[in-house]
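Data block below; observations after.
To find a chain, count down the sequence lines: A is the first, B the second, and so on, and within it residues start at 1. What you see below is based on every heavy atom in this structure, not just the backbone, and it leaves out hydrogens, waters and symmetry mates. Quick caveat, the model's predicted, so the values are computed rather than measured.
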There are 2 protein chains.
Amino acid sequence: MEHIAWVSVDAFAVLAEPSRRRILDTLRRAECSVGELVDTLELSQPAVSKHLRVLREAGFVSCRTVAQHRIYRLDLRRLRAVDDWLAPYRRMWETHLDALERHLDKE
Amino acid sequence: MEHIAWVSVDAFAVLAEPSRRRILDTLRRAECSVGELVDTLELSQPAVSKHLRVLREAGFVSCRTVAQHRIYRLDLRRLRAVDDWLAPYRRMWETHLDALERHLDKE
DNA sequence: AGCTTAGATGCCTTGACAGGCATATGCCGG
DNA sequence: CCGGCATATGCCTGTCAAGGCATCTAAGCT
């Protein structure tokens with residue numbers, strides 16, 4: 001069921017929430033249990049769980065169960081989709097930057 | 001006044017709105033008047049104007065006045081901020097990809 | 001000056017979503 | 001099998017943003 005659902009979720013909408021970006025930033029360093037995230041983010045446990053649910057359904061994170069803990073872990077695939085949207089723009093400023101450098105070299 | 005304001009606007013929140021991304025995608029090809037955007041996006045004129053205001057105040061676009069037209073134009077600086085957030089993640093999948101390639105090379 | 005076109009703004013309604021709190025579920029140890 | 005810890009979920013409420021419509025402003029034309 002989830003495997004279908006997350007395709008339709010708007011990645012940017014998910015990232016619009018600052019707390020969710022902070023969760024990703026935290027998971028970037030190391031995978032993490034919910035409790036650890038609660039401590040790090042200073043947010044209530046239900047709030048964190050809800051954000052994790054959104055991130056999970058959107059494919060930004062995956063989780064596995066270890067005893068009574070859930071260990072969450074970054075899934076990079078979805079972020080690449082965001083990066084894909086950005087790519088053409090990045091090409092633009094890279095060429096602009098190149099042009100600028102060439103301009104400065106002439107002086 | 002605006003020069004101060006747009007620093008505090010959350011870039012991701014601005015991009016969360018699909019119509020606004022479509023506007024940027026359109027402006028990426030060429031600068032554009034409001035009317036042209038209305039035609040392209042099939043959205044009401046007030047709606048487009050409001051999105052443009054958000055984009056403008058967030059620093060994603062700039063505009064100049066030509067007769068009774070307003071020509072909007074992409075401003076890449078703000079997108080680079082988004083890209084900056086993404087950069088550490090990109091490094092991650094690039095190294096993962098490298099690792100995968102090395103792995104495949106061995107076979 | 002009056003008319004028209006391009007665009008911006010204001011008001012209103014509606015829908016989505018975040019957080020708080022209470023509660024349910026799942027898993028462990030004894 | 002029971003109590004307790006870790007996490008998930010439901011319900012409620014407040015907030016905020018998007019779109020529709022009407023209106024205002026500004027610039028050009030005759």
Side-chain angles (χ1 to χ4, degrees), chain A residues 1-2 5-6 8-27 30-75, chain B residues 1-2 5-6 8-27 30-74 78:
Chain A
M1 183 191 276
E2 272 193 25
W6 73 264
S8 59
V9 180
D10 184 338
F12 281 94
V14 174
L15 295 182
E17 169 61 44
S19 305
R20 286 198 281 262
R21 292 201 301 274
R22 292 181 57 210
I23 290 180
L24 293 181
D25 285 335
T26 307
L27 291 180
E31 49 179 30
C32 237
S33 73
V34 179
E36 292 171 315
L37 290 170
V38 171
D39 294 342
T40 312
L41 306 179
E42 295 184 336
L43 246 145
S44 80
Q45 176 268 312
V48 172
S49 278
K50 285 172 192 170
H51 285 309
L52 286 170
R53 182 196 175 116
V54 174
L55 288 167
R56 186 168 14 98
E57 290 183 344
F60 285 102
V61 301
S62 59
C63 84
R64 71 195 143 93
T65 304
V66 175
Q68 66 271 66
H69 297 250
R70 301 274 170 98
I71 309 295
Y72 280 83
R73 171 193 174 81
L74 203 57
D75 185 338
Chain B
M1 184 190 274
E2 273 192 26
W6 72 264
S8 58
V9 180
D10 185 337
F12 280 94
V14 173
L15 296 181
E17 171 61 42
S19 306
R20 286 197 284 262
R21 292 200 301 274
R22 292 181 58 211
I23 290 179
L24 293 181
D25 285 334
T26 307
L27 292 180
E31 49 179 32
C32 235
S33 73
V34 179
E36 293 171 316
L37 289 170
V38 170
D39 294 343
T40 313
L41 306 180
E42 295 184 336
L43 244 141
S44 79
Q45 175 267 313
V48 172
S49 278
K50 285 172 192 170
H51 284 310
L52 285 172
R53 182 196 175 116
V54 174
L55 288 167
R56 188 166 16 98
E57 292 183 342
F60 284 103
V61 302
S62 59
C63 84
R64 72 197 143 93
T65 305
V66 175
Q68 67 272 62
H69 296 252
R70 302 273 170 97
I71 309 296
Y72 279 83
R73 170 194 174 79
L74 202 58
R78 207 60 203 293

Sidechain-backbone polar pair: B:Arg78 side chain, B:Gly59 backbone, donor-acceptor under 3.5 Å =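 Side chain of B:Arg78 to backbone of B:Gly59: no pair is present.
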Contacts table for residues 66-74 of chain B: side-chain donor-acceptor under 3.5 angstrom, sequence neighbours left out:
| from | atom 1 | to | atom 2 | distance (Å) |
| --- | --- | --- | --- | --- |
| B:Tyr72 | OH | B:Arg56 | NE | 3.4 |
| B:Arg73 | NH1 | B:Glu31 | OE1 | 3.4 |

Within the structure provided, determine whether A:Leu37 and A:Leu52 are in side-chain contact (heavy-atom separation under 4.5 Å).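 Yes - at least one pair of side-chain heavy atoms lies under 4.5 Å apart.
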Taking the side chain as every heavy atom from C-beta outward, state whether B:Leu24 and B:Leu15 have any atom pair closer than 4.5 Å.
->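 Heavy-atom side-chain distance check passes, below 4.5 Å.
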For B:Ser19, all residues meeting side chain to side chain donor-acceptor pair (under 3.5 Å), sequence neighbours excluded: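 Per chain and number, B:Ser19 pairs via side chain to side chain donor-acceptor pair (under 3.5 Å) with B:Glu17.
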Going 5' to 3' through nucleotides 2-14 of chain D and flagging B where a protein heavy-atom sits under 4.0 Å of the base, S where only the sugar-phosphate is that close, and - otherwise, we get ----SBBBBB---
Starting at CG of B:Leu55 and ending at P of D:dA18, how long is that distance when rounded to a whole Å?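 After rounding, the gap between these two atoms is 10 Å.
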- Query: Which whole-number value in Å describes the distance from A:Leu41 CG to C:dG20 P?
  - Reply: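 In whole Å, C:dG20 P lies 13 Å from A:Leu41 CG.
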- request: Name all residues meeting the salt bridge (charged side-chain N to carboxylate O under 4.0 Å, His left out) criterion together with A:Arg21; count only those two or more places apart in sequence or in a different chain, and write none if there are none.
  value: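 Testing A:Arg21 for salt bridge (charged side-chain N to carboxylate O under 4.0 Å, His left out), a comparison that skips the adjacent residues, returns B:Asp10.
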### Contacts of type salt bridge (charged side-chain N to carboxylate O under 4.0 Å, His left out), residue A:Asp39, not counting sequence neighbours
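Partners of A:Asp39 under the salt bridge (charged side-chain N to carboxylate O under 4.0 Å, His left out) test: none.
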CZ-CD distance between A:Arg22 and A:Glu42, expressed to the nearest 0.5 angstrom: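 Between A:Arg22 CZ and A:Glu42 CD, I get 7.5 Å after rounding to 0.5 Å.
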Heavy atoms within less than 4.0 Å of DNA chain C: which residues of residues 15-27 of chain A have one? Give them sorted by number.
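A:Glu17, A:Ser19, A:Arg20, in order of number.
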Checklist entry - For A:Ser44 and A:Val66, take the nucleotide of DNA chain C holding the closest heavy atom to each; which residue's nucleotide lies nearer the 5' end? => result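 The residue closer to the strand's 5' end, by nearest nucleotide, is A:Ser44.
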